[in-house]
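Working notes, structure below.
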Amino acid sequence: MTDTKNLEGTDIAAAVERYVRFWNSGADDVLTRDTWSDDVEYCAPVGVLRGPAALVDFRRQFGEHMSGYEFRRRREPDLHHDRARVAWELITPDADPFATGTDVLVVNDRGRVCGVTTFLDRAPEGFDSHAHV
């Protein structure tokens with residue numbers, strides 16, 4: 001990852017860092033506002049969410065279910081134009097990967113994530129990704 005900005009000067013790498021921090025944070029209104037566009041669409045095997053409030057609620061519910069998890073990158077993201085490919089893993093408190101995946105982020109010209117498509121590379125045990133389509 002040599003160039004972290006797109007042609008319009010938007011810092012895509014900074015948007016990725018805010019994205020990762022969002023999934024690991026508690027209720028932080030400033031981080032939420034700085035991470036997501038108002039019209040963000042998050043498309044994942046569990047469903048499609050729209051808007052920052054839906055993502056905050058999803059993060060809260062997941063945190064209640066998986067207390068103490070850590071969302072972290074597996075490597076540096078691949079960046080081009082207004083997109084970032086982020087390989088991630090969810091780590092449980094005992095340091096075991098719960099799941100791994102790849103997210104493709106679309107970042108608008110204000111540096112906010114306006115679209116996410118999530119792919120599970122290794123789903124959690126017992127999770128049937130086809131049941132949620």
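Formation of a donor-acceptor pair under 3.5 Å by the Arg122 side chain with backbone atoms of Gly101 is not found in this model.
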Show me the donor-acceptor pairs within less than 3.5 Å that the side chains of residues 49-62 make with the rest of the protein, sequence neighbours left out.
| residue | atom | partner | partner atom | Å |
| --- | --- | --- | --- | --- |
| Arg50 | NE | Glu41 | OE2 | 3.2 |
| Arg50 | NH2 | Glu41 | OE2 | 3.0 |
| Asp57 | OD1 | Arg60 | NE | 3.4 |
| Asp57 | OD1 | Arg60 | NH2 | 2.4 |
| Asp57 | OD2 | Gln61 | NE2 | 2.7 |
| Arg59 | NH1 | Phe22 | O | 3.0 |
| Arg59 | NH1 | Ser25 | OG | 3.0 |
| Arg59 | NH2 | Gly26 | O | 3.0 |
| Arg60 | NH1 | Glu64 | OE1 | 3.4 |
| Arg60 | NH1 | Glu64 | OE2 | 3.0 |

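Heavy atoms only, all atoms of each residue included: Trp88 and Phe119 are closest at CZ2-O, 4.3 Å. In this structure, Ser67 and Pro93 approach most closely via the heavy-atom pair O-CG, 3.4 Å. The shortest heavy-atom contact between Asp39 and Ser37 is OD1-OG, 2.7 Å. The shortest heavy-atom contact between Ala15 and Val113 is O-CG2, 4.4 Å. Val116 and Trp36 get closest at one heavy-atom pair: CG2-CZ3, 3.9 Å. Closest approach of His81 to Ile12, counting heavy atoms only: O-CG1, 3.8 Å.
Between Tyr69 and Trp23, the ring center distance fails the sub-6.0 Å criterion.
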Please step through side-chain contact (heavy atoms from CB on, under 4.5 Å) for the pair Leu105 and Arg83, ending with a clear verdict.
-> CA-CA 5 Å; Leu105 283 62; Arg83 307 280 197 275; over 6 Å; no
Run the side-chain contact (heavy atoms from CB on, under 4.5 Å) check on Phe71 and Ile91 step by step: do they pass?
-> CA-CA 7 Å; Phe71 179 90; Ile91 303 297; over 6 Å; no
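Among residues two or more places apart in sequence or in another chain, the salt bridge (Lys or Arg N to Asp or Glu O under 4.0 Å) test is passed with Asp121 by Arg74. In terms of the salt bridge (Lys or Arg N to Asp or Glu O under 4.0 Å) criterion, Arg21 has no residue partners (sequence neighbours excluded).
Around CG of Asp96, the count of heavy atoms belonging to other residues, nucleotides or ligands within 6.0 Å exceeds 12.
Arg72 has its side chain out of reach of Val20: every pair of non-hydrogen atoms, C-beta onward, lies at least 4.5 Å apart.
Atom CD of residue Glu89 and atom CZ of residue Arg73 lie 11.5 Å apart, to the nearest 0.5 angstrom.
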